[in-house]
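Here the structure comes first, spelled out in structure tokens, and everything after it is commentary.
Counting convention: from 1, in listed order, for ligands and their atoms alike. All figures in this text were calculated on a predicted structure; none of them were measured in a lab.
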Amino acid sequence: MKKKIWLSPPHMTGLELKYINEAFASNWIAPVGPNITEFENKIQEFIGKGSHVVALNSGTAAIHLALELANIQEGDEVICQSKTFIASVNPVLYKKAIPIFIDSESNTWNLCPKLLEECIIDRIKKTGKAPKAIIVVNLYGMPYNVEEIHKIAKNYNIKVIEDSAEALGSKYKEIPCGTFGDYSIFSFNGNKIITTSGGGCLITRSILDKNEAIFLSTQAIDSGNDYTHSKIGYNYRMSNIVASIGLGQIHSLGDRITKRRENFDYYHKELSTIPEIQFQEEPLDYYSNRWLNCILVDSENSKNKISELLSQDNIETKPSWKPMHQQPLFKKSVSYVNGVSDDLFQRGICLPSGSNLDNDDLNRIVTIIKNYFNY
Ligand SMILES: *Cc1c(COP(=O)(O)O)cnc(C)c1O
């Protein structure tokens, strides 16, 4: 059996154990400790001034707290990008709010501004008020159309939650993703560009929101020393051990972005001359961390065949995220669709994109795809 090539595996730097050992030596084996603050500071330095970072135990928890801070209540409508991973939307259900799904635009594969505005106008007509928040995604690391989406959100006074789980290191007009939303999030799950094994963070625009998020993530204990509670709290804080892994990882974030972008360049150079293959191209002013490379092939049949051929060679692929409006879980939900995300799902294959891929690995992958198309 040939060496397994994974889709997007963890890539350790070797420094993680040093920080974990420090944590052990000082006995901060808890969801409090100096490495948590240190990790928050490093992320904050990376994305720049004006952002406040709250380290949490998952990206999903970060979205849940973002909805909490945006004051989303039971029955409120929340606009969600249909083309995403379920974790973008599950927290809306935790709040008993109502997700309304919107399709993608064909260039960025993210929330379509035109449909967004049509949807808002239609919701106002049908319910008498605009939805309360928008959850927009930087899919596979590609920024969404920041200018257009925020212009519309501002016009209708709707809060934006930026799901930047996949886009640490991406930029729109030179500004880092994760800084555009009223609330933004990153994930450090095992498959992301850097990992803490499992973890995430919330990015807020004010220190007040940061403090409130820490309060909510640590069981919402009122001040005083007698275990008084006036609000629902959660146990969502990142552990000091997990933060230690993050501290080791963040040293190499720049290299990880470079390497993932090189993976894209390799696939693009080798495969873009095949007329049956298309890529998620960067529009002008967009910079993707190229977390995951998804190619579109000519048909669903080719997609299935290629995935099978790669799998026979011990190479992992994944379909592109199945749109939320196609999910059994959301069969009663309202959605505004244009066919783009259905098409991306039908023809999309995610290829191995890890920062630990070598040239032999990449060569094995493109050779199989080229052979399939007789190139
Ligand atoms: C990974 C991911 C999340 C969730 O992050 P977790 O840390 O796994 O909870 C949310 N949204 C998107 C788009 C993701 O890819």
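- Among protein heavy atoms, atom 11 (N) of ligand 1 sits closest to D163 OD2, 2.7 Å.
- With respect to atom 1 (C) of ligand 1, the closest heavy atom belonging to the protein is K192 NZ, 1.6 Å.
- Interatomic distance, N157 CG to K129 NZ, rounded to the nearest 0.5 Å: 14.0 Å.
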K3 vs D361, salt bridge (charged side-chain N to carboxylate O under 4.0 Å, His left out): CA-CA, chis, key distance, verdict
CA-CA 9 Å; K3 179 186 126 191; D361 299 334; 2.9 Å; yes
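- For K95, the NZ atom counts as densely surrounded, since its 6.0 Å shell holds more than 12 non-hydrogen atoms of other residues, nucleotides or ligands.
- Taking a cut-off of under 4.0 Å to the non-hydrogen atoms of T84, the atoms of ligand 1 that pass are 13 (C).
- What sits closest to atom 15 (O) of ligand 1 on the protein, heavy atoms only, is E166 OE2, 2.6 Å.
- Among protein heavy atoms, atom 5 (O) of ligand 1 sits closest to S187 OG, 3.2 Å.
- Between E270 and K370 there is a salt bridge, since a side-chain N of the basic residue sits under 4.0 Å from a carboxylate O of the acidic one.
- The shortest contact between atom 8 (O) of ligand 1 and any protein heavy atom is with N189 ND2, 3.0 Å.
- In this structure, S88 has a heavy atom closer than 4.0 Å to ligand 1.
- Under the 30°/60° scheme for interplanar angles, the aromatic rings of Y172 and Y286 are found to stand perpendicular.
- For Y94 and H64, the ring centers sit closer than 6.0 Å to each other.
- Heavy atoms from both the backbone and the side chain of T60 come within less than 4.0 Å of ligand 1.
- To the nearest 0.5 Å, the span separating CG on L329 from CG on N90 amounts to 6.5 Å.
- For ligand 1, the polar-atom distance check against F85 finds no nitrogen or oxygen pair separated by under 3.5 Å.
- Taking distance alone, with nitrogen or oxygen atoms compared against 3.5 Å, N191 stays at or beyond that limit from ligand 1.
- Proximity to A165 (heavy-atom distance under 4.0 Å) selects the following atoms of ligand 1: 2 (C), 3 (C), 10 (C), 11 (N), 12 (C), 14 (C).
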Derivation and outcome, salt bridge (charged side-chain N to carboxylate O under 4.0 Å, His left out), residues K259 and E262
CA-CA 5 Å; K259 173 58 177 144; E262 283 170 8; 5.1 Å; no
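- Within the 4.0 Å heavy-atom shell around ligand 1 one does not find A62.
- Looking from atom 4 (C) of ligand 1 to the surrounding protein, the closest heavy atom is A87 CB, 3.5 Å.
- Contact annotation for S58 and ligand 1: heavy atoms of both the backbone and the side chain come within less than 4.0 Å of the ligand.
- In this pair, F264 and F279 present their aromatic rings perpendicular. The plane angle is above 60°, beyond the 30 to 60° band.
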